[in-house]
Engineer: 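Quick one: structure below, then a few questions.
Naming convention: chains lettered A, B, ... in sequence-line order (proteins, then strands); numbering from 1 in each chain.
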Number of protein chains: 2
Amino acid sequence: MKKEIDTQKDKSTEEKIKKAAEKIFLERGFSASRTRDIADEAGINLALLNYYFRSKKNLYNIIMMEKLDVFFNIIIEELKDNAVDLNQKMSELINKYTDLLIKEPRLPLFIMSEIQQNPDFFTKRMNIKMKVREALGNKPIIYSKSQEDDLQLLLSLLGVTIFPFIIRHSIQGLFNMTTDQYNELLYKRREMIPKLMNELYNQLNADK
Amino acid sequence: MKKEIDTQKDKSTEEKIKKAAEKIFLERGFSASRTRDIADEAGINLALLNYYFRSKKNLYNIIMMEKLDVFFNIIIEELKDNAVDLNQKMSELINKYTDLLIKEPRLPLFIMSEIQQNPDFFTKRMNIKMKVREALGNKPIIYSKSQEDDLQLLLSLLGVTIFPFIIRHSIQGLFNMTTDQYNELLYKRREMIPKLMNELYNQLNADK
DNA sequence: GTCTATAGCGAGATAGAC
DNA sequence: GTCTATCTCGCTATAGAC
């Protein structure tokens, strides 16, 4: 009953199921998703889903792992390479997240919801945590004054960059905006945010 | 089978169920919540839940409406009263959200998830939209240059204020921080953010 | 109003033919 | 590998006694 890995032609069906699961899970979350709907979306039969992935939960975990990687690797890339100019790093991070979230608008809520409901996720099964430590040069992460400022900067940067995607529907609804209008707003933020964050950086250093 | 409104002693049980539902729904969302768990949490029998609230969905809607009100009324208060100083308004908004979200950390994800899955929510059943129009002085909301800047400012402010609460578990997990350490960080942001946002405001006006 | 017992159904998973 | 049919269980909702 276990899946054979090295046959070469079954990849197409497996991939169809994964793509369908990605769509459904991201739209509705785990509990509200129905395996029948995933099968329909994939254009295959429900039994095949269990044939390839054994269970709904297992399929979900696979999708979740991939999405966590996509989402957090952007931050990890940001954290390493201390040589690079701070402004350049921030611009890169903003551009990467903007591009990603225009394509996959539901990603942040999907990931944040999962982690909120399962806060031990990193501790138990993630290699992402290891990657972060690695990116920080294997120094033990101590809550020192300087690192605190770094973290405040990172939180602000992520907030101004990602949150507008999270609250998108509320704002569009409240202010009667079309998706195109809102996207225009989001793209303009790419220029705006680095200047803003640079100011924050100076401000934090001036406080000392 | 309908609930009698004007009896005076039944309020206790009804309130117990509502409080329990609030807890469970906010923790798990609608689909992952079990009415049995809500009943257990309330210390009453499952049948009573349906006696008082008819259905799970109805109970959920009641909780959701209240939470939407709590969450968005802070923004609405911010939008009206144009006479008040901008810095003061921003500080108030930051303090209100920080106080609220320290008490109810799961509120933003709960609301954002619901609206993402049901974007027509405002259009169909909300009086919040009306309140926003009212707060803006009954002017039709047109996507003009000046209002665009206002909106960028609002999005940034909400982002730096609320997002750190949303990403809390990820950051605590990644950086091995305790809840107390993270809360300390959050409180410090109350001072930091108004200065930052003021800079953004100047920046936007200088661009013209 | 509050309880026990249960109806009824929706959904995940599997058996087994092809 | 892929399908149809079905098993089984968990969950919402209700019937009915007290």
Engineer: Out of D:dT14, C:dA11, D:dA13, which has the shortest distance to the side chain of B:Lys56?
Structural biologist: D:dA13
Engineer: A:Arg28 CZ to C:dA11 P: how many Å, rounded?
Structural biologist: 10 Å
Engineer: Can you check the B:Asn45 CG to C:dT4 P distance for me, whole Å?
Structural biologist: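 In whole Å, C:dT4 P lies 5 Å from B:Asn45 CG.
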Engineer: Establish, yes or no, whether a centroid distance under 6.0 Å links the rings of A:Phe175 and A:Tyr182.
Structural biologist: no
Engineer: Would you work out how much the helix from C:dG1-D:dC18 to C:dC18-D:dG1 bends between its ends, with each end axis defined by five base pairs, to 10 degrees?
Structural biologist: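 The two end axes of the helix from C:dG1-D:dC18 to C:dC18-D:dG1 meet at 10°.
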Engineer: Starting at atom CG of A:Asn58, determine the distance to atom P of C:dT14, rounded to an integer number of angstrom.
Structural biologist: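 Rounded to the whole Å, the gap is 12 Å.
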Engineer: Looking at A:Lys67 and A:Glu104, does any basic side-chain N land under 4.0 Å from a carboxylate oxygen?
Structural biologist: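 Yes.
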Engineer: Below the 4.0 Å mark, does D:dT2 have OP1 or OP2 next to a side-chain nitrogen or oxygen of A:Tyr52?
Structural biologist: yes
Engineer: A:Leu59 has an atom CG; how far is it from atom C1' of C:dA13, in whole Å?
Structural biologist: 14 Å
Engineer: Write down the distance between CG (B:Asp40) and P (C:dC3), rounded to a whole number of angstrom.
Structural biologist: 12 Å
Engineer: Quick one: A:Lys57 NZ to C:dA11 P, roughly how many Å, whole number?
Structural biologist: 18 Å
Engineer: Looking at A:Lys16 and A:Glu41, is any side-chain nitrogen of the basic one under 4.0 Å from a carboxylate oxygen of the acidic one?
Structural biologist: no
Engineer: Could you work out which one of C:dT14, C:dA11, C:dG1 sits closest to the side chain of B:Tyr51?
Structural biologist: C:dG1
Engineer: Between A:Phe30 and B:Leu48, which residue's closest nucleotide on DNA chain C lies nearer the 5′ terminus?
Structural biologist: B:Leu48
Engineer: Could you state the atom-to-atom distance from CZ of A:Arg34 to C1' of C:dA13 in whole Å?
Structural biologist: 15 Å
Engineer: Does a nitrogen or oxygen in the side chain of B:Thr35 sit under 4.0 Å from OP1 or OP2 of D:dC11?
Structural biologist: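 Indeed not, no polar side-chain atom of B:Thr35 lies that close.
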Engineer: A:Ser55 has a side chain; which of C:dA13, D:dA13, C:dG1 sits nearest to it?
Structural biologist: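 The answer is C:dA13, which lies nearest to the side chain.
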Engineer: Cationic tip of B:Lys131 within the cone over B:Phe72's six-membered ring, i.e. under 6.0 Å and within 45° of the normal?
Structural biologist: no
Engineer: Counting side-chain heavy atoms from C-beta on, which of C:dG12, D:dT4, C:dC3 comes nearest to A:Arg36?
Structural biologist: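 Between C:dG12, D:dT4, C:dC3, the one nearest the side chain of A:Arg36 would be C:dG12.
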Engineer: Is the shortest distance from a Lys or Arg side-chain nitrogen in B:Glu184 or B:Lys188 to a carboxylate oxygen in the other one below 4.0 Å?
Structural biologist: yes
Engineer: For D:dT2, does OP1 or OP2 lie under 4.0 Å from any side-chain N or O of A:Thr13?
Structural biologist: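 Affirmative; the distance criterion is met.
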Engineer: Got a salt bridge between A:Arg28 and A:Asp37, using NZ or NE/NH1/NH2 to carboxylate O under 4.0 Å?
Structural biologist: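 Salt bridge flag = yes for A:Asp37 with A:Arg28.
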Engineer: Heavy-atom count check: over 12 atoms from other residues, nucleotides or ligands less than 6.0 Å from A:Glu27 CD?
Structural biologist: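 Atom CD in A:Glu27 is packed in, count exceeds 12.
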Engineer: Across the strands shown, which category fits B:Ser33 at heavy-atom distances under 4.0 angstrom: base, sugar-phosphate, nothing?
Structural biologist: sugar-phosphate
Engineer: Nearest whole angstrom, please: distance from the P of D:dC7 to the CG of A:Asn50.
Structural biologist: 17 Å
Engineer: Could A:Lys96 and A:Glu77 be called an ion pair, given the rule that one side-chain N must be under 4.0 Å from one carboxylate O?
Structural biologist: no
Engineer: For A:Leu46, which contact category applies under a 4.0 Å heavy-atom criterion: base, sugar-phosphate, or nothing?
Structural biologist: base
